[in-house]
Amino acid sequence: MDLSKETVKDSVNLLEVNNLNIRFYSNGREMKAVNGVSFDIKKGETFGFVGESGCGKSTTSRAIIRLLAENARVPDGEILYNGTDILKLSQEKLRKIRGKEIGMIFQEPMTALNPVLTIKKQMYEQFLGTGMTAKEKEEKAVEMLRLVGIPSPEKRLKEYIHQFSGGMRQRAMIAITLAANPKLLIADEPTTALDVTIQDQIIKLINKIKKQMGMSVLLITHDLGVVSQMCDRVAVMYAGYFVETADTLTLFSKPRHPYTKGLIDALPSTEKKNSSLMPIKGTTPSLSELPDGCPFGPRCPYCQEKCTLELPEMAEVEPGHMVRCHFSDKLIGASGLISIEDGEKQ
Ligand SMILES: Nc1ncnc2c1ncn2[C@@H]1O[C@H](COP(=O)(O)OP(=O)(O)OP(=O)(O)O)[C@@H](O)[C@H]1O
Ligand code: SF4
Ligand SMILES: [Mg+2]
């Protein structure tokens, strides 16, 4: 784990999400996919979402650029980008922000890039409305491909995405996304589909570009190793809820939620590095039938009667460290310092 990373402090919020709730409706059922999520991302900061499949990471991040599925509704919440609520923007104003101010890279570049347009054409779309001359566009496009490490960029610009290998496609998508100079980059599992060496290159690349361009990043991942290499702060999600948020070092060294603790304890290596989330006993609850009390209750080894009756609120356990657990004051440390009267130890 990279313990040397400094937390970005006292910086201005670029993004502020307050009490975001997202519902999906299908087959007459309501699914509570995102529940009361609040967080902020400061300028120049990398904020991570981590959690098991289906916990709402992509849904939350897609809401930020209003790319939700047709059957989604947002009954509550605000998403303030530089103080303006994205949920209330007209389509015209939204177009000015999406892709330009806020860029998004996806796990699978083939679904995000257009197979019938050259890389150059797709890159040039990012320059629309900038007033750049043809020469400036060409120079910038070449520079972006070079920045992401694509060899012979002048030649590669004229090619189509199917002519690129997996790692190169991911790099091309990053180059196209970053060509617009976004202030916020949302990276949804940008490395999951890639082999470990290329994963490492892409992580270093995003970190490098982030520093060069002074960008903020929202990183979504299953991989706690990637979190430790990239994130300043992290939110752990479970069943559509944030259950713990902290700076990365605190989260790894002093997790206070049993779910976070379970994820960290389940990591196979002592280094806790390069390790994907391991399954914790039990399954996540159905989003259409969430329990009344704590959503993690059915899987929690420390579950008490109160947990089955009352949903715990997110509460600050120390400055900047929030936990959603009735007994978070008793759950300290990554190595088993847990004791709740009558609670069974993991
Ligand atoms: N259009 C939809 N209609 C109904 N349910 C949906 C829809 N899109 C997503 N969901 C459900 O919402 C929940 C959250 O999905 P989301 O894609 O945000 O999860 P995730 O945390 O990104 O998971 P993964 O790690 O697998 O990408 C899941 O249970 C998913 O099945
Ligand atoms: S509130 Fe109770 S069930 Fe939920 S995580 Fe805390 S101890 Fe476990
Ligand atoms: Mg996802």
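Heavy atoms only: backbone and side chains are in, while hydrogens, waters and symmetry mates are out. Residue numbers start at 1 and run along the sequence shown. Both ligands and their constituent atoms are indexed starting at 1 by order of listing.
Residue side and main chain included, C294 places an N/O/S atom under 2.8 Å of atom 4 (Fe) of ligand 2. Note on S58: counted as a metal contact of the Mg ion (ligand 3), an N/O/S atom lying under 2.8 Å. Taking 2.8 Å as the threshold, C325 counts as a candidate ligand of atom 6 (Fe) of ligand 2, since one of its N, O or S atoms lies below it.
Closest non-hydrogen pair, P258 versus C325, comes out as CD-SG, 4.1 Å. Across F106 and L67, no two heavy atoms sit closer than the pair CZ-CD1, 4.4 Å.
Put simply, no part of G51 is less than 4.0 Å from ligand 1, judged by heavy atoms. Not a single heavy atom of Q304 sits under 4.0 Å from any atom of ligand 2.
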For E244 and H321, run side-chain contact (heavy atoms from CB on, under 4.5 Å): C-alpha distance rounded to whole Å, both residues' side-chain angles, the deciding distance at 0.1 Å, then the answer. CA-CA 7 Å; E244 184 156 13; H321 188 175; 2.6 Å; yes
Could you walk me through whether F39 and F47 pass the ring pair (Phe, Tyr, Trp, His ring centres under 6.0 Å) check? CA-CA 9 Å; F39 64 102; F47 191 92; 5.2 Å; yes
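Of all atoms in ligand 1, numbered sequentially from 1 with element shown, those under 4.0 Å from a heavy atom of A69 are 1 (N). Close approach of ligand 1 to H222 is summarised as follows: ligand atoms under 4.0 Å from at least one heavy atom of the residue are 25 (O).
For R299 and Y259, the positive end is not near the middle of the six-membered ring at less than 6.0 Å and at most 45° from its axis.
By the criterion of a heavy-atom distance under 4.0 Å, the side chain of N71, and not its backbone, is placed next to ligand 1. Contact annotation: for L287 versus ligand 1, heavy atoms closer than 4.0 Å belong to the side chain alone. By the criterion of a heavy-atom distance under 4.0 Å, neither the backbone nor the side chain of M237 is placed next to ligand 1. Contacts between S58 and ligand 1, counted as non-hydrogen atom pairs separated by less than 4.0 Å, involve both the backbone and the side chain.
Put simply, the side chain of R66 gets close to the backbone of I86: a donor and an acceptor are under 3.5 Å apart.
Taking all heavy atoms of A63, S26, G54 into account, the minimum distance to atom 14 (C) of ligand 1 is reached by G54.
For ligand 1, the polar-atom distance check against G56 finds a nitrogen or oxygen pair separated by under 3.5 Å.
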